[in-house]
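Presented below is the structure to which this report refers.
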Amino acid sequence: EAGVTQSPTHLIKTRGQQVTLRCSPISGHTSVYWYQQALGLGLQFLLWYDEGEERNRGNFPPRFSGRQFPNYSSELNVNALELEDSALYLCASSNRVSNQPQHFGDGTRLSIL
Amino acid sequence: DAKTTQPPSMDCAEGRAANLPCNHSTISGNEYVYWYRQIHSQGPQYIIHGLKNNETNEMASLIITEDRKSSTLILPHATLRDTAVYYCIVRVTNFGNEKLTFGTGTRLTIIP
């Protein structure tokens, strides 16, 4: 069974640019979650999508947005990049059966110059 | 979600059992205990979870105290590849609040 896949693995951008990160969930999973892990810090919850709808959002500004497609894959968009957006962006997926774990991909490392 | 407390770091000799404690004294009756680990520069890896009974899978065992205020993750025969940061998370599945709240975890170092 293929795990959660994310692309690209690494990305370098400059301040003010926009970026799109992509995530393909495990087959059969309908929920996708996005987390940010800045260097030396813990994972911070960003967004949760399920069945194409945004269901929950963490404490991040509106320039962080995303969507989920009919095949349950997802994109995370970040506009007007700032230096502090440099981080590992992690995607996880799960199905909606109660208390099933989230499974993570290996993330996209975003560096802002 | 309830808050968890873990020691910041632990060492364990290769081949020995690694016992990682977690305190979750404010856990609610409907909150599960989840364990993940993160090896450097990789995404967190799910290990095991449980509600009140002890659980075992191919990776580890989870021992939850009877009052559910603490738990221990046991890696029975630690190898160098088990060196990672281990996160204990308590979580209620509420379809209005599906997220994991990660703390700072325990950095486990397996010593050759």
Side-chain angles (χ1 to χ4, degrees), chain A residues 1 3-7 9-10 21 23-26 29-51 53-60 68 87-111, chain B residues 1-6 8-9 22 27-53 55 57-60 62 64 68 71 73 84-107:
Chain A
E1 176 185 89
V4 176
T5 58
Q6 294 186 243
S7 64
T9 55
H10 294 83
L21 311 180
C23 172
S24 292
I26 291 172
H29 287 186
T30 62
S31 279
V32 169
Y33 313 81
W34 288 94
Y35 294 82
Q36 182 197 64
Q37 186 175 31
L39 190 63
L41 299 179
L43 283 83
Q44 300 294 319
F45 169 74
L46 261 167
L47 290 159
W48 167 36
Y49 290 95
D50 183 75
E51 297 286 356
E53 300 287 331
E54 181 180 305
R55 304 292 185 180
N56 197 10
R57 183 180 183 87
N59 189 24
F60 282 84
Q68 186 179 33
L88 180 66
Y89 288 85
L90 292 157
C91 172
S93 74
S94 75
N95 59 33
R96 287 292 297 270
V97 176
S98 179
N99 288 304
Q100 289 303 300
Q102 297 178 19
H103 294 275
F104 286 79
D106 282 335
T108 294
R109 173 77 58 190
L110 175 63
S111 299
Chain B
D1 293 341
K3 184 176 178 178
T4 62
T5 303
Q6 299 178 252
S9 64
C22 179
I27 194 170
S28 301
N30 60 348
E31 286 184 310
Y32 282 67
V33 180
Y34 283 75
W35 283 85
Y36 284 79
R37 71 182 182 184
Q38 188 173 24
I39 297 169
H40 183 62
S41 296
Q42 297 181 16
Q45 178 188 24
Y46 164 76
I47 301 173
I48 199 168
H49 74 284
L51 183 62
K52 54 185 177 182
N53 298 318
E55 302 287 345
N57 63 20
E58 65 277 6
M59 289 183 66
L62 174 61
I64 303 174
R68 302 205 331 117
S71 61
L73 178 75
V85 178
Y86 287 76
Y87 297 99
C88 169
I89 300 164
V90 292
R91 167 195 176 208
V92 56
T93 295
N94 175 340
F95 290 134
N97 187 26
E98 278 284 358
K99 65 179 183 180
L100 297 176
T101 301
F102 286 79
T104 53
T106 295
R107 183 172 299 277

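In what follows, chains carry the letters A, B, and so on, assigned in the order in which the sequence lines appear, proteins first and then strands, with residues in each chain numbered from 1.
Only the side chain of Gln37(A) comes within less than 4.5 Å of a heavy atom in chain B; its backbone stays farther off. Interface remark: Leu90(A) contributes side-chain atoms only to the contact with chain B (heavy atom separation under 4.5 Å). For Gln45(B), no part lies under 4.5 angstrom from a heavy atom of chain A.
Remark: Asn59(A) CG is loosely packed, at most 12 non-hydrogen atoms of other residues, nucleotides or ligands lying under 6.0 Å away. Atom CZ of Arg57(A) has more than 12 neighbouring heavy atoms from other residues, nucleotides or ligands inside a 6.0 Å radius.
Between chain A and the residues Gly43(B), Gly103(B), Pro44(B), Ser41(B), the largest count of heavy-atom pairs under 4.5 Å involves Pro44(B).
Closest heavy-atom contact between Pro101(A) and His49(B): CD-CE1, 4.2 Å.
With hydrogens and angles ignored, the 3.5 Å screen pairs a side-chain donor or acceptor of Tyr35(A) with a backbone N or O of Leu100(B). The backbone N or O of Gln102(A) lies less than 3.5 Å from no partner atom in the side chain of Tyr34(B), so there is not a single donor-acceptor pair.
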